[in-house]
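Reviewing the structure listed below.
Throughout, a chain's letter reflects where its sequence line sits, starting with A, and its residues are numbered from 1.
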2 protein chains.
Amino acid sequence: MNDGATGTDAYEALRMAIAQRHAELPSRLQQVAEFVLDHPTDVAFGTVAEVASRTGVQPSAIVRFARAVGFNGFTEMQQVFRSRLVAGVAPSYKARLSRLKRDQGARLGRRPRAVLDGFLADAHSALESLSQSVTERDLDAAIALLAPARDIYLLGLGGSYPVVAHLAYVLRKLGRRVVLLDGIGGSIGEQAHAATAADALIVVSFRSYYPDTVRLFPELVARGVPTIAITDSLLSPIVAGARLVFEIPDMPEAAMRTMVAPLCLVQSLAIGLDLASD
Amino acid sequence: MNDGATGTDAYEALRMAIAQRHAELPSRLQQVAEFVLDHPTDVAFGTVAEVASRTGVQPSAIVRFARAVGFNGFTEMQQVFRSRLVAGVAPSYKARLSRLKRDQGARLGRRPRAVLDGFLADAHSALESLSQSVTERDLDAAIALLAPARDIYLLGLGGSYPVVAHLAYVLRKLGRRVVLLDGIGGSIGEQAHAATAADALIVVSFRSYYPDTVRLFPELVARGVPTIAITDSLLSPIVAGARLVFEIPDMPEAAMRTMVAPLCLVQSLAIGLDLASD
DNA sequence: TCCAAAATAGAATGAACATTCCAATTTCTG
DNA sequence: CAGAAATTGGAATGTTCATTCTATTTTGGA
C-alpha cells in the first residue's frame, strides 16, 4: 500500500480533487469549493458556522460539501487542512505524524525496511524544523562567541555524546583547541578545571538530561565561561546562564532519537567558525 | 525587547513569559507550562480535554494555567498558538527545498546561514540516497546476523566514531551487550581480544580510512567474527571478508561530512534488531 | 502537631458545536 | 407545462466543549 498522502501531500491531493470536481457540483457547493480553495486557513481553524457565514451559505451546505468530496463530515475534512499548517511549521505534530507512520509500518510486520523508512522520515522532518527554527542572528552570535575563545570546551553525555564527539573531531581538524569533557579517566569536573572566561563552552543535552551535565554546567557558567546551549526546551536545566540557546524541540525520546538535527547544527557552527576566522 | 506582539511575535513573547514564570508556578501548573512549551501545535489544535489528557492533568488545570499567564481562558490563549501557525504557512515545502538547493551553490559564501542550509541540503540528499540504496534483503540479513550474537563489537574511529558511539548507546539501552572498540586505556587490539565467532562486529569507516580500523578489521574477520561493514565504497579496506556490506557512496570529504545517513542506518539496525527479537 | 491558606480534582453547568432531518424550493425531464 | 428528482434553507438534535464551582487534599507556618 503506497500511502503517500499525509501532511501537505494529502492537502494538495484534496485541492486537486476539489478543483476537478468543481464543475460538476451543484451551485451552492461550488460556492463552498471556491471559498475553501481560497481560504484554507479559515477552514483549518474555523467552525462550521464561521466557514458557512464567510462563504455566505448555510452550515449544512458546508457539511454537505465535505461529504460530497468524500469525507464523513466537516471535522474529517478539516483535519486535512490542519495537516497542511502542521507541515509548514509545527515540528511536534509533524514528528508525531511521522512516528505514527513508522509505528503503522512496524505494525504491518515490523519489517526493518519500515523501521528505516520511519527514521528517514523523522530525520527529514527534524532537519526541516531545524532549518526553520535557527535564525541567522543566533548563528552569527554563536560564531562571534566562539571566535575569540582560547579553548573550546564541549560537554555532552549519554545520548548527546556522539554530537560533541563529532564536533570535537571537526574542530580539531580545523586546528582548534578542544577539550572534550567525557569523564574518561577521572571526574569531569577535573577535566573542566582550567576553563575560564577566555574560553568557551558548548553544552548539548536533551531529555532526560544527564545528571553530570546538569551538575557541571552551572559551575562553568558561574566561572564566567561563555556558553552556548543546544537543547530541547527552554526549561532545560542548561538554559539558565547560557549566553546563547539553540532550541531543537520535539525530539523523539530516548533510544529513538537520531541526533541528526543537532549534528547538522553543530557541523555548521564549526565550519561557519572556520570560514569566519580567515 | 519591545516586540510588535502580533503573530509569531506574540507567540514568542508568550513563550518567554511562560518560561520566566515557570519557576514560581504551583507544580501542576508547571506541568502544564512544560507541556505547552513543548507541544505548541497540540495547544493550537487541541481541545481543553485533549491537552489536559496529554499533559496528564485535569481540564480545569489547563484553564487555570491560561488564566495564570494572563488570559481570560483557554480559548484566548489558544489564539496566540494558532497565530503562529498562520504566520508560517506562506512558503510551500517544495519552494523551500528548491531555495535550499539554490543556496547550496552559495556554500562557499561565508554567511553561516548559507553554511547551515548547505549542510541541510546535503543531509537531505544523503538520506534520500540511503533510502534508495539500502535493500530490504540486506537489512534482514544484517538483523539475522546480529540476533544470535553474544556480544556486539563496534569499530569506528576518527570521523566514524560518533556513529558507533551512538549505536553503542542505543544498543545498550535496548539491553544488548556491546563492546565499543575505542582504544581508550590501551590498545584496541586488546579490547577486541575476546571476540569470537559467537559474537558479531559492526565496522564503520569512510575515506580516508582510519589506520587502526584497517589494521584490526582483518584480524577479527580471520578469527571468524561475523561482520557487517558500513563504508563508502566497495573498494574500501573493510569490505573484503565482511559478511554484509552497506555502501553509502558520495559522502563529502573529511571535515565536511555529517554522518547523517550512517547514523540513520545504524539506528534502524538497532531498533529493527530489537523489534525482531520479541 | 495543628491550623490556615493555597492548590487541586472532579463533577456540574451552560454554551457552542457538528450533524441530521425535513419541508420548501429549484432544476431537470419527458 | 406537469411531474419527478435534486438541491437548498433552516430548525432540531445530541454531543462535545470550556468554564465554573465546591469538596478534598496538600502545603507552609506557628
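Ring centroids of B:Tyr169 and A:Tyr161 are separated by 6.0 Å or more, keeping the two rings apart. With ring centers used as reference points, A:Phe45 lies under 6.0 Å from B:Phe45.
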**Message:** Would B:Val69 and B:Met77 count as a side chain to side chain contact (heavy atoms under 4.5 Å, CB included) here? Give the steps.
**Reply:** CA-CA 9 Å; B:Val69 293; B:Met77 180 178 78; 4.2 Å; yes

**Trace of the side chain to side chain donor-acceptor pair (under 3.5 Å) decision for B:Arg84 with B:Thr41** = CA-CA 9 Å; B:Arg84 176 189 68 124; B:Thr41 306; 3.2 Å; yes

**Message:** Apply side chain to side chain donor-acceptor pair (under 3.5 Å) to residues B:Arg113 and A:Thr135 and explain how you reach the verdict.
**Reply:** CA-CA 8 Å; B:Arg113 177 70 218 199; A:Thr135 71; over 6 Å; no

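Rounding to whole angstrom units, CD1 of residue B:Ile62 and P of C:dA9 are separated by 10 Å. Rounded to a whole Å, the CG atom of A:Leu25 is 21 Å from the P atom of C:dT26. One interatomic measurement links the two molecules: CZ of B:Arg28 to P of C:dA6, which rounds to 19 Å at whole-angstrom precision. Between the P atom of C:dT19 and the CZ atom of A:Phe71 lies a distance of 12 Å, rounded to the nearest Å. Taking atom CZ of residue A:Phe65 and atom P of nucleotide D:dT8, one finds them 12 Å apart after rounding to whole Å. Rounded to an integer number of Å, the gap from CD of A:Glu24 to C1' of D:dT7 is 16 Å. Atom P of nucleotide D:dT16 and atom CD of A:Gln78 are separated by 16 Å, given to the nearest angstrom.
For B:Ser60, the listed nucleotide lying nearest its side chain is D:dC21; candidates were D:dA18, D:dG10, D:dC21. Residue B:Arg67 has its side chain nearest to D:dT20 when only D:dT8, D:dT20, D:dT19 are considered. Minimum atom distance to the side chain of A:Phe74 is reached by C:dT19, of the listed C:dA9, C:dT19, C:dT8. Listed nucleotides: C:dA9, C:dT8, D:dT20. Nearest to the side chain of B:Pro26: C:dT8.
By the 30° and 60° cut-offs, the orientation of the rings of B:Tyr11 relative to B:Phe81 is perpendicular.
Less than 4.0 Å separates DNA chain D from no heavy atom of any residue of residues 42-54 of chain A.
A:Asp140 and A:Arg137 are not joined by a salt bridge, as no carboxylate oxygen comes within less than 4.0 angstrom of a charged side-chain nitrogen.
The shortest distance between the side-chain N/O atoms of B:Gln58 and the OP1/OP2 oxygens of C:dG10 is below 4.0 Å. Contact check, B:Arg64 against C:dA7: no side-chain N or O comes under 4.0 Å of OP1 or OP2.
In terms of modelled atom types and a separation under 3.5 Å, the side chain of A:Gln31 and the main chain of A:Val57 share no donor-acceptor contact.
The side-chain contact (heavy atoms from CB on, under 4.5 Å) test with B:Arg176 singles out one residue from B:Leu167, B:Asp274, B:Leu273, B:Val170, and that residue is B:Leu273.
In the helix from C:dT1-D:dA30 to C:dG30-D:dC1, the terminal helix axes, each the rotation mapping four pairs' C1' atoms onto the next four within five end pairs, subtend 30°, rounded to 10°.
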